[in-house]
Engineer: 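The structure's right below; bear with me while I get my questions together.
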Amino acid sequence: MYKAIGYAAQTATAPLAPMAFNRRSPRPDDVAIEVLYCGVCHSDIHLARNEWGMSVYPLMPGHEIVGKVTEVGEKVTKHKVGDLVGVGCMVDSCRHCEACAANLEQYCLEGPTLTYASPDRVDGSITMGGYSSSIVVSEHFVVRIPEKLDPATAAPILCAGITTYSPLKHYGVKAGDKVGILGMGGLGHMGIKFAKALGAEVTLFTRSASKAEEARRQGADHVIVSTDAEQMEAASGRFDFLLDTIPVQHDLNPYLQTLRFDGIHILVGLVEPIEPAIHAGNLVMNRRVLAGSLIGGIEETQEVLDFCAEHNISCDIEMLDIKNINEAYSRMIAGDVKYRFVIDMATLEA
Ligand code: NDP
Ligand code: ZN
């Protein structure tokens with residue numbers, strides 16, 4: 001066993017605080033990793049505060065992990081000591097169901113083992129995430145960080161990146177398509193970069209008029225302030241795809257109306273009931289599709305990392321001292337981060 005330290009929440013209302021714990025010794029197919037950087041995802045906040053009703057405590061968040069391999073089990077072939085590697089939102093799955101066989105482990109029919117707050121499939125212990133000094137993960141769920149990428153700015157690709165890349169690819173976004181990105185936070189700003197790299201004409205929908213200039217710098221061709229009914233109406237019937245990263249309940253109807261016929265609205269930010277209700281006419285009358293998407297499989301996570309290296313795409317980050325993690329959560333809720341906090345694990349004191 002390894003002695004490890006990290007930041008965990010002891011209850012849904014407690015701030016994150018340092019915690020000492022043990023990591024297992026590597027199993028034959030495991031890779032032990034010294035965590036160098038870990039991105040801070042809005043899901044970490046939802047889960048630390050039990051906003052999805054599925055949290056178990058103590059809860060140590062973190063699923064945008066980049067680190068160095070320190071030890072490998074005897075059957076490991078994919079990674080070796082010293083390699084720069086990444087771990088995203090999952091650390092295991094059943095590996096034989098239809099979804100796993102299709103490299104879509106995130107939709108494992110038995111449920112994937114999440115990187116934190118999830119029971120380990122072998123020993124039942126609760127997984128602890130990347131806000132920590134080390135992590136031990138089965139090699140199948142460990143990806144390679146391309147040399148061209150900076151390790152700190154690459155960390156958020158493991159969740160924010162793959163979550164926005166995967167639906168754009170799945171629905172075949174291509175050159176000339178009109179794509180709207182809803183919300184410019186960690187996910188949204190990556191969505192803009194990917195849609196642009198795929199050749200789309202990209203529009204940011206934001207509540208924050210002040211983000212307009214910044215959005216253009218990220219690659220957006222247009223900006224619509226979503227609180228301005230006139231601007232929303234003027235966009236009626238214009239879009240092929242909408243990628244919705246808004247993390248709270250919001251009225252989908254005005255957005256659906258901006259889709260052309262056969263247009264697709266992809267939800268990634270919301271896992272709660274949709275309120276207010278959708279007017280079915282907004283779908284039926286124009287054969288529009290409302291869909292959802294969850295992160296991406298391991299193979300596709302490697303693909304997006306390689307895509308970022310090839311297209312010089314990186315995440316805009318603000319480096320964080322782990323002691324300021326609670327303040328960072330407040331700032332994220334206030335929309336005050338450009339556009340992802342990444343914890344520098346060197347700030348974690350033994
Ligand atoms: P951020 O907090 O970084 O960004 C969210 C953005 O949404 C904000 O920047 C803001 O953009 C907009 N927003 C925030 N609050 C509101 C509000 N009250 N009304 C309207 N818009 C709002 O979050 P992330 O990008 O990290 O995550 C976004 C969501 O995606 C979260 O719910 C997260 O849990 C979820 N998620 C889902 C995944 C999946 O696999 N499906 C994977 C990872 C995350 P602006 O100011 O431009 O309006
Ligand atoms: Zn995430």
Side-chain angles (χ1 to χ4, degrees), residues 38-52 54-55 61-65 86-90 104-107 112 114-117 129-131 155-168 170 180-193 203-216 218 220 223-228 232 243-252 254-255 266-272 275 291-297 300-301 304 315-318 328-342:
C38 185
V40 181
C41 178
H42 206 113
S43 305
D44 298 344
I45 306 178
H46 289 309
L47 286 158
R49 300 182 176 177
N50 199 19
E51 289 169 1
W52 292 337
M54 58 190 264
S55 300
H63 60 206
E64 293 184 339
I65 301 163
V87 177
C89 302
M90 302 175 282
L104 296 168
E105 300 90 345
Q106 73 275 34
Y107 304 119
L114 302 178
T115 304
Y116 60 88
Y131 293 7
I157 300 168
L158 278 308
C159 174
I162 182 63
T163 301
T164 47
Y165 177 84
S166 182
L168 294 175
H170 181 68
I181 306 290
L182 279 52
M184 189 165 76
L187 267 60
H189 95 289
M190 292 305 283
I192 293 174
K193 294 181 196 212
T203 301
L204 171 69
F205 288 80
T206 176
R207 346 158 257 178
S208 323
S210 58
K211 285 188 182 172
E213 200 178 308
E214 184 71 16
R216 289 200 172 84
Q218 299 289 346
V223 175
I224 291 177
V225 179
S226 53
T227 47
D228 181 336
M232 291 295 283
L243 180 62
D244 186 342
T245 77
I246 298 171
V248 295
Q249 288 176 324
H250 54 286
D251 189 359
L252 299 190
Y255 292 105
I266 307 154
L267 294 173
V268 292
L270 199 65
V271 285
E272 287 152 85
E275 273 176 34
S293 187
L294 180 68
I295 44 174
E300 198 176 35
T301 304
V304 69
C315 192
D316 292 24
I317 67 163
E318 191 174 321
Y329 279 10
S330 305
R331 283 186 51 198
M332 278 174 76
I333 289 165
D336 175 26
V337 52
K338 287 180 177 165
Y339 283 91
R340 199 55 140 191
F341 284 115
V342 171

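In each ligand, atom 1 is the first atom listed, and ligand 1 is the first ligand listed. These values consider heavy atoms only, across backbone and side chains, with no hydrogens, waters or symmetry-generated copies. Bear in mind that the values here come from a model prediction, so they are computed numbers and not experimental data.
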Engineer: So, does His250 use its side chain to make a donor-acceptor pair with the main chain of Val248 at under 3.5 Å?
Structural biologist: yes

Engineer: List for me each residue that meets ring pair (Phe, Tyr, Trp, His ring centres under 6.0 Å) alongside Tyr131, sequence neighbours excluded, and say none if there are none.
Structural biologist: none

Engineer: So, is Gly186 polar-close to ligand 1, with some N/O to N/O distance under 3.5 Å?
Structural biologist: yes

Engineer: If you have a sec, work out which protein heavy atom is nearest atom 39 (C) of ligand 1 and how many Å separate them, to one decimal?
Structural biologist: Thr163 CG2, 3.4 Å

Engineer: I want to check something: taking the side chain as every heavy atom from C-beta on, are Gln218 and Asp316 in contact at a cut-off of under 4.5 Å?
Structural biologist: yes

Engineer: Can you tell me the protein heavy atom closest to atom 25 (O) of ligand 1 and the distance?
Structural biologist: Leu187 N, 2.8 Å

Engineer: Identify, for atom 4 (O) of ligand 1, the protein heavy atom at the shortest distance, and state residue, atom and that distance.
Structural biologist: Gly185 CA, 3.3 Å

Engineer: Would you check whether Ala160 reaches within less than 4.0 Å of ligand 1, judged by its heavy atoms?
Structural biologist: no

Engineer: Quick one: are Glu105 and Pro112 in side-chain contact, heavy atoms under 4.5 Å?
Structural biologist: no

Engineer: Quick check: Tyr339 and ligand 1, any N/O pair under 3.5 Å apart?
Structural biologist: no

Engineer: Would you say Gln106 contacts ligand 1, with heavy atoms under 4.0 Å as the rule?
Structural biologist: no

Engineer: Distance-only, no hydrogens or angles: does the His42 side chain make a donor-acceptor pair with backbone N or O of Pro247 under 3.5 Å?
Structural biologist: no

Engineer: For atom 16 (C) of ligand 1, what is the closest protein heavy atom, and at what distance to 0.1 Å?
Structural biologist: Arg207 NH1, 3.3 Å

Engineer: If you measure every N or O of Gly269 against every N or O of ligand 1, does any of those distances drop under 3.5 Å?
Structural biologist: yes

Engineer: So if I count the atoms of ligand 1 from 1 in the order they appear, which ones are less than 4.0 Å from some heavy atom of Met184?
Structural biologist: 9 (O), 11 (O), 45 (P), 47 (O)

Engineer: For atom 27 (O) of ligand 1, which candidate among Glu64, His42, Lys338, Met190 holds the nearest heavy atom?
Structural biologist: His42

Engineer: Does any N, O or S atom of Cys41, backbone or side chain, fall under 2.8 Å from the Zn ion (ligand 2)?
Structural biologist: yes

Engineer: Hey, which atoms in ligand 1 end up nearer than 4.0 Å to a heavy atom of Arg340?
Structural biologist: 24 (P), 26 (O)

Engineer: Are the side chains of Leu187 and Arg340 in touch, meaning some heavy atoms are under 4.5 Å apart?
Structural biologist: yes

Engineer: When you measure from the side chain of Thr245 to the backbone N and O of Gly183, does any donor-acceptor pair fall under 3.5 Å?
Structural biologist: yes

Engineer: With only distance considered, is Ile246 within less than 3.5 Å of ligand 1 through an N or O on each side?
Structural biologist: no

Engineer: Which protein heavy atom lies closest to atom 29 (C) of ligand 1, and at what distance to 0.1 Å?
Structural biologist: Thr245 O, 3.4 Å

Engineer: Using a 3.5 Å distance criterion without hydrogens, assess whether the side chain of Thr203 forms a donor-acceptor pair with backbone atoms of Gly180.
Structural biologist: no

Engineer: Please confirm whether Ile295 comes within less than 3.5 Å of ligand 1 when only nitrogen or oxygen atoms on both sides are compared.
Structural biologist: yes

Engineer: At less than 4.0 angstrom from any non-hydrogen atom of Cys159, what atoms of ligand 1 do you find?
Structural biologist: 42 (C), 43 (C)

Engineer: Does an N or O anywhere in Val268 fall below 3.5 Å from an N or O of ligand 1?
Structural biologist: yes

Engineer: Tell me: protein heavy atom nearest atom 44 (C) of ligand 1, and distance?
Structural biologist: Ser43 OG, 3.3 Å

Engineer: Below 4.0 Å from any atom of ligand 1, is there a heavy atom belonging to Tyr329?
Structural biologist: no

Engineer: For ligand 1, which atoms, with element, lie under 4.0 Å from some heavy atom of His46?
Structural biologist: 31 (C), 32 (O), 34 (O)

Engineer: Under 4.0 Å from a heavy atom of Ser208: give me the atoms of ligand 1 that qualify, with their elements.
Structural biologist: 45 (P), 46 (O)

Engineer: With a cut-off of 4.0 Å, which atoms of ligand 1 are near a heavy atom of Thr206?
Structural biologist: 45 (P), 46 (O), 47 (O), 48 (O)

Engineer: What is the nearest protein non-hydrogen atom to atom 18 (N) of ligand 1, stated with its residue, atom name and distance?
Structural biologist: Val248 CG2, 3.2 Å

Engineer: Has His250 got any heavy atom lying under 4.0 angstrom from an atom of ligand 1?
Structural biologist: no

Engineer: With respect to Leu243, which candidate in Ile192, Leu182, Val268 satisfies the side chain to side chain contact (heavy atoms under 4.5 Å, CB included) definition?
Structural biologist: Val268

Engineer: Any donor-acceptor pair under 3.5 Å linking the side chain of Glu64 with the backbone of Cys41?
Structural biologist: no

Engineer: Do you know which two heavy atoms are closest between Ile181 and Gly188, and how far apart they sit?
Structural biologist: CG2-O, 3.5 Å

Engineer: Among all protein heavy atoms, pick out the one at the shortest distance from atom 5 (C) of ligand 1; state its residue, atom name and that distance to 0.1 Å.
Structural biologist: Pro247 CD, 3.8 Å

Engineer: To the nearest 0.5 angstrom, please state how far the CG atom of Leu252 sits from the CG atom of Asp244.
Structural biologist: 6.0 Å

Engineer: Pairs of nitrogen or oxygen atoms closer than 3.5 Å, one from Cys41 and one from ligand 1: do any exist?
Structural biologist: no

Engineer: Number the atoms of ligand 1 from 1 as they appear, then name those within less than 4.0 Å of a heavy atom of Trp52, with their elements.
Structural biologist: 34 (O)

Engineer: Spell out, as yes or no, whether a donor-acceptor pair under 3.5 Å connects the side chain of Thr206 to the backbone of Ser208.
Structural biologist: yes

Engineer: For a quick check under 3.5 Å, do Asp44 and Tyr329 share a side-chain donor-acceptor pair by atom type?
Structural biologist: no

Engineer: How close do Glu300 and Ser166 get, counting heavy atoms only, and between which atoms?
Structural biologist: OE1-OG, 2.7 Å

Engineer: Give a yes or no answer on whether the side chain of Glu318 reaches the backbone of Phe341 with a donor-acceptor pair at less than 3.5 Å.
Structural biologist: no

Engineer: Taking both backbone and side chain into account, is any N, O or S atom of Cys89 nearer than 2.8 Å to the Zn ion (ligand 2)?
Structural biologist: no

Engineer: Output yes when a side-chain donor or acceptor of Thr115 lies under 3.5 Å from a complementary backbone atom of Gly129, and no otherwise.
Structural biologist: no

